[in-house]
Every structure is written in C-alpha cells, then in structure tokens.
Amino acid sequence: MSELCVIGSGYVGLVTGACFADLGNNVTLVDIDEGKIDMLQNGQMPIYEPGLAELVQRNTSAGRMHFTTAYAQGLSGAEFVFVCVGTPSGVDGEADLQYVRSAARSIAETMEHPLIVINKSTVPVGTGDWTKEIIENNQAQPIDFAVVSCPEFLREGSAIPDFMQPDRTVLGSTDRAAAETVAELYAPLDAPVVITDLRTAEMIKYASNAFLATRISFINEISIICERLGADVEEVARGMGFDKRIGPHFLQAGVGFGGSCFPKDVQALTNMAQTHGMHPQLLKAVMEINAFQRRQITQKAREMLGGNVNGKTLAILGLAFKQNTDDIRESPSITVARSLLNQGADVKVYDPVAMANARAELPDLQPCDNPYSAAEDAEAMLVLTPWNEFKQLDMKRIRHLMKRPIIIDGRNMYSPDEMRLLGFEYRGVGRGYNGQGMCAAGAAESV
Ligand code: UDX
C-alpha cells in the first residue's frame with residue numbers, strides 16, 4: 001500500500017485516484033473547486049463515466065479515498081503526487097499551462113518531505129523540466145523531489161477498464177530510480193512499462209494521439225473518395241484491417257473526431273512544431289479533413305432538402321462527441337447542430353446523457369425524451385453519435401413519424417439497403433456504391 005495524492009478531480013484525476021485506491025492504496029484527491037469536492041464528499045460524481053460512481057463509493061466507504069481542497073492535507077504523508085489538472089487550448093492552439101503552473105507552485109510551497117511528482121496532464125514537450133524549475137524556485141527550503149511524466153491514454157467511456165488493462169505504461173524522468181519506483185505502483189496491472197527520459201515520454205503522448213487522429217482523417221478522406229467513385233468505405237476498412245500492419249481499429253469513417261484530446265493535442269503538436277520553425281503539413285491536413293467531415297453532413301442535409309434547411313425541422317440523434325459519455329467538448333454533433341440553427345432550421349435533439357450539456361451550449365435546441373419524439377414531423381434525421389441504443393430502433397415507426405423519411409447516417413450505423421427497403425432516402429459516409437454515390441453509374445459504364 002502506498003500513500004498517493006491526486007491533484008485535479010476531472011476525468012483523469014478521478015479515474016486515476018479511484019483505480020489506485022481500488023488496487024489497495026490510500027488516495028487523497030485535491031481540487032481547488034470547492035463545489036466538486038463537496039459533491040464528491042456527498043457521494044455525487046461531477047462527471048459521467050461508466051462504473052466510476054460505484055468505484056469511488058466502494059473505496060470511499062473502505063476509507064481508501066479522501067477529498068479535500070487543502071494541499072496540506074493532500075500532501076501530508078504522500079509519497080507520490082499525481083498532477084491531473086486540465087491543459088486547455090490557448091488562443092493560438094498552444095496548451096494553456098496555468099493550472100499545471102499553479103499546481104507545481106502549491107506543491108512546492110506545501111511539501112514537507114521528499115516526493116515524486118508524476119505528471120499525467122498532457123503537456124508540451126519540455127514541461128517536465130519546467131515543472132522541476134518551478135518547484136525548485138518556490139520551495140521554502142530545499143527538499144528532495146523527482147518529476148516523472150506518466151502520460152494518460154485512457155478513453156472516456158471506457159476509462160476504468162483502460163486504466164486496469166492498459167496496453168502500456170510510459171514513464172519518463174531524468175531520475176531513473178524515481179521512474180522505477182513509480183513502475184512498482186503500476187506493477188499489479190501487468191502491462192509493459194516503457195521507461196525513458198522526460199521529453200520522450202511527453203512526446204509519446206502527442207505522437208500517439210496524433211497518429212490515431214491521422215488514421216481517422218485518413219479513412220475519412222478515403223470515405224470521400226469512395227463516395228465519389230462508387231465504393232463502400234465500410235468494406236474498404238474491413239478489407240484493409242485484416243492486414244496485420246494496418247489492423248482493424250480506428251478505421252471507422254464518420255463525422256470526424258472530437259473530444260477533449262484529439263483536436264487539442266493535434267493542434268498543440270502543430271503549434272509546437274511551428275514554434276520551432278517547422279511546417280507540419282500532415283497534422284494540418286488531419287485537422288482540415290476533420291473540419292470538412294462536419295461540413296459535409298450539413299451539406300448533405302441541404303442537398304437532400306432541396307438546397308436549404310431554413311424553416312425546416314430536423315432531428316439529431318446523439319450530441320456527445322462519442323458514445324458512453326456526456327462530454328460534448330469539440331463534439332461534431334454540436335458543430336452540425338449550431339450550423340443548422342444558424343441556417344434557420346428547427347433542431348429537435350435526443351441524446352441519452354448529453355442533453356443538459358448540449359442545451360447549456362445551444363439553448364435553441366429542442367429537447368426530446370426519446371428518438372421517436374425527435375423523429376416526429378422531422379424532414380430529416382441525422383444520426384451523429386454511435387450510441388448502442390440507436391442501432392436497433394424501430395425504423396418502421398420512425399419512418400411513419402417523420403414528415404419526410406430522410407436519414408443522414410454520420411456514423412454508418414445502418415445498412416443502406418435495409419434503409420432503402422424501409423422506404424428511407426438514406427445517405428451514410430463514404431458509401432458510394434451501395435449508397436448510390438455520385439459517380440457510381442459512370443464507373444459502371446466505363447468497365
Ligand atoms: C482519446 C485517446 O483514444 C486516448 O488514448 C487519450 O488518452 C485521449 O484521447 P477519447 O477522446 O476518450 O480518447 O476518445 P476515443 O475513443 O479515442 O475517440 C476519439 C474520437 O474519435 C471520437 O469522436 C470518436 O467518435 C472518433 N473516432 C474514433 C472515429 O471517428 N473513428 C474511429 O475509428 C475511432
């Protein structure tokens with residue numbers, strides 16, 4: 001059992017704290033936001049993440065999880081301090097490090113015994129060295145400490161299994177002994193541990209996220225070509241995925257990636273490269289394609305509705321940036337909804353958990369209790385988040401409820417043939433042949 005302090009009670013901090021507590025450690029979570037700490041002390045979760053409430057409740061009851069706004073309480077007795085504060089995008093897309101800076105200062109001012117400070121927030125390469133300097137410069141008296149970078153790879157919606165069964169743990173430090181001590185904390189997870197230097201560990205996180213985002217933009221670009229040339233991107237991805245060098249994951253074409261990580265991290269990496277005089281063309285293309293995918297959905301709605309959406313009622317199923325989360329940060333669905341509202345459409349929406357967040361962002365959305373009431377009298381239905389519950393809707397009922405049976409499937413959830421048999425005008429993403437792409441007939445003639 002080790003004594004841990006976790007700074008920040010967002011997704012990363014809460015999941016890290018709860019999972020380490022569940023492995024038998026004693027964890028104190030520190031957050032400067034009194035509201036969040038109050039909620040946690042009263043057994044409420046500030047975020048939605050499957051299984052998290054139960055995990056926090058179990059470990060709090062067992063006396064292994066504590067919550068406080070006081071650094072002194074968090075650091076007293078702690079051997080390890082995990083920094084899990086937010087790093088939002090600044091005005092030019094650079095990572096805004098104000099929270100990391102203030103956490104480092106508070107640690108320096110409060111620490112009374114040697115510590116290992118582990119940074120889990122995604123921070124620009126070089127931040128670990130800078131954190132060391134901040135701590136050194138703000139200590140009242142010199143006390144030994146080490147800084148270790150341990151980038152977080154968990155996904156929202158599956159954060160707990162991702163923590164418990166990671167593909168790898170990356171630990172970077174200029175103090176190898178400190179990195180090895182942190183590796184012992186992760187030993188029960190039985191996953192490969194990569195021990196490296198600070199800057200390399202920080203870069204592994206950016207390179208991993210940028211690579212995954214690139215795969216998505218790649219398959220999305222292929223989807224656009226498929227649509228024009230009369231091929232089906234779903235089959236293309238399946239056919240590619242059997243190649244072991246490619247693999248089947250992260251080849252789902254759709255409305256583009258969103259969330260708190262990919263857009264921000266690709267932008268921050270681009271910014272870092274530019275600051276150092278480079279021109280990261282591939283990273284820029286990844287972002288451009290991602291923006292284009294969102295625009296394409298609105299474009300399809302306009303085309304299918306005779307040129308404009310003004311005064312028309314459209315339904316959107318799914319507002320979260322992906323399934324199993326209430327997070328709408330950088331959600332493609334929100335971009336599409338905003339654009340439709342700006343073009344004068346009435347937008348009815350349904351999402352199983354992200355409704356409150358979406359309405360706070362776009363108050364003009366018309367909330368519905370379920371997919372069927374969203375479909376009622378709509379002239380088109382846009383499916384933009386791949387929630388499981390949308391997979392087996394009663395489509396006959398939907399068709400009868402809609403004023404005009406148009407489906408724009410931004411996640412390729414449905415079979416184009418089945419949708420047409422049911423009497424829908426259907427368009428997915430990159431489903432040229434089955435989806436009767438613009439050039440399908442031309443391609444057939446030239447054979
Ligand atoms: C991501 C990384 O996966 C994780 O390792 C990192 O720590 C944080 O960023 P997350 O943002 O939770 O995690 O979501 P993820 O499941 O990776 O999906 C990101 C976005 O890509 C979503 O909008 C999703 O819908 C989209 N996506 C994903 C696709 O469009 N196609 C795919 O094939 C996969």
Side-chain angles (χ1 to χ4, degrees), residues 10-13 15-16 47-50 52 84 86-87 95 120-123 149-163 165-170 191 201-202 204-223 233-234 236-238 240-241 246-269 286-287 289-294 296-297 318-336 351 354 383-388 390 409-413 428-430:
Y11 279 99
V12 175
V15 172
T16 304
I47 53 157
Y48 171 81
E49 179 64 32
L52 185 63
C84 305
T87 49
K120 279 201 132 340
S121 306
T122 301
V123 290
S149 161
C150 176
E152 186 50 73
F153 298 103
L154 60 81
R155 290 163 298 178
E156 290 178 23
S158 57
I160 293 166
D162 283 352
F163 184 98
Q165 294 120 38
D167 289 340
R168 79 311 207 175
T169 300
V170 174
E202 289 165 347
I204 288 171
K205 169 71 192 231
Y206 280 107
S208 301
N209 273 358
F211 181 75
L212 292 168
T214 303
R215 273 181 77 104
I216 301 171
S217 279
F218 173 83
I219 199 67
N220 280 337
E221 179 144 275
I222 295 293
S223 82
V233 74
E234 291 297 306
V236 171
R238 201 172 105 79
M240 288 167 64
I246 298 173
H249 304 295
F250 271 73
L251 281 182
Q252 177 63 59
V255 60
F257 57 80
S260 63
C261 291
F262 285 175
K264 170 170 80 74
D265 293 352
V266 176
Q267 192 55 55
L269 185 56
V286 167
M287 295 304 291
I289 295 165
N290 202 46
F292 183 72
Q293 287 305 102
R294 298 174 185 209
Q296 280 246 321
I297 295 287
L319 296 162
F321 82 96
K322 64 173 192 179
Q323 67 278 36
N324 300 333
T325 177
D326 67 348
D327 196 343
I328 57 155
R329 283 177 289 178
E330 298 285 335
S331 171
S333 182
I334 296 293
T335 309
V336 171
D351 186 288
V383 185
L384 301 181
T385 311
W387 283 98
N388 258 341
F390 299 156
D409 180 359
R411 300 287 189 159
N412 288 348
M413 296 190 65
V429 175

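Each residue takes its place number in the sequence, starting with 1. For ligands, and for the atoms within them, numbers begin at 1 and follow the listed sequence.
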- [ ] Collect the protein residues that have a non-hydrogen atom under 4.0 Å from ligand 1 and hand them over in chain and number order.
- [x] Glu152, Phe153, Leu154, Arg155, Glu156, Lys205, Asn209, Ile216, Phe250, Leu251, Gln252, Phe257, Gly258, Cys261, Phe262, Phe321, Lys322, Arg411

Below 3.5 Å, can you tabulate the donor-acceptor pairs from side chains in residues 204-213 to any protein atom, sequence neighbours excluded?
unit_1	atom_1	unit_2	atom_2	d
Lys205	NZ	Thr122	OG1	3.2
Lys205	NZ	Glu152	O	2.5
Ser208	OG	Arg168	NH2	3.3
Ser208	OG	Ile204	O	2.7
Asn209	ND2	Asp265	OD2	2.7

Task: Arg155, CZ: over 12 other non-hydrogen atoms inside 6.0 angstrom - done: no

- [ ] Over all heavy atoms of both residues, which pair between Asp327 and Thr325 is shortest? Give the atoms and the distance, please.
- [x] N-OG1, 3.0 Å

Open item on the list: Can you list everything that forms a side-chain hydrogen bond (donor to acceptor under 3.5 Å, both in side chains) with Lys264? Sequence neighbours excluded, please.
Closed with: Thr87

Task: side-chain contact (heavy atoms from CB on, under 4.5 Å) partners of Thr169, counting only residues at least two apart - done: Cys150, Pro166, Leu171, Tyr186, Val193

Task: Minimal non-hydrogen separation, Val429 against Ala253, with atom names - done: CG1-CB, 4.4 Å

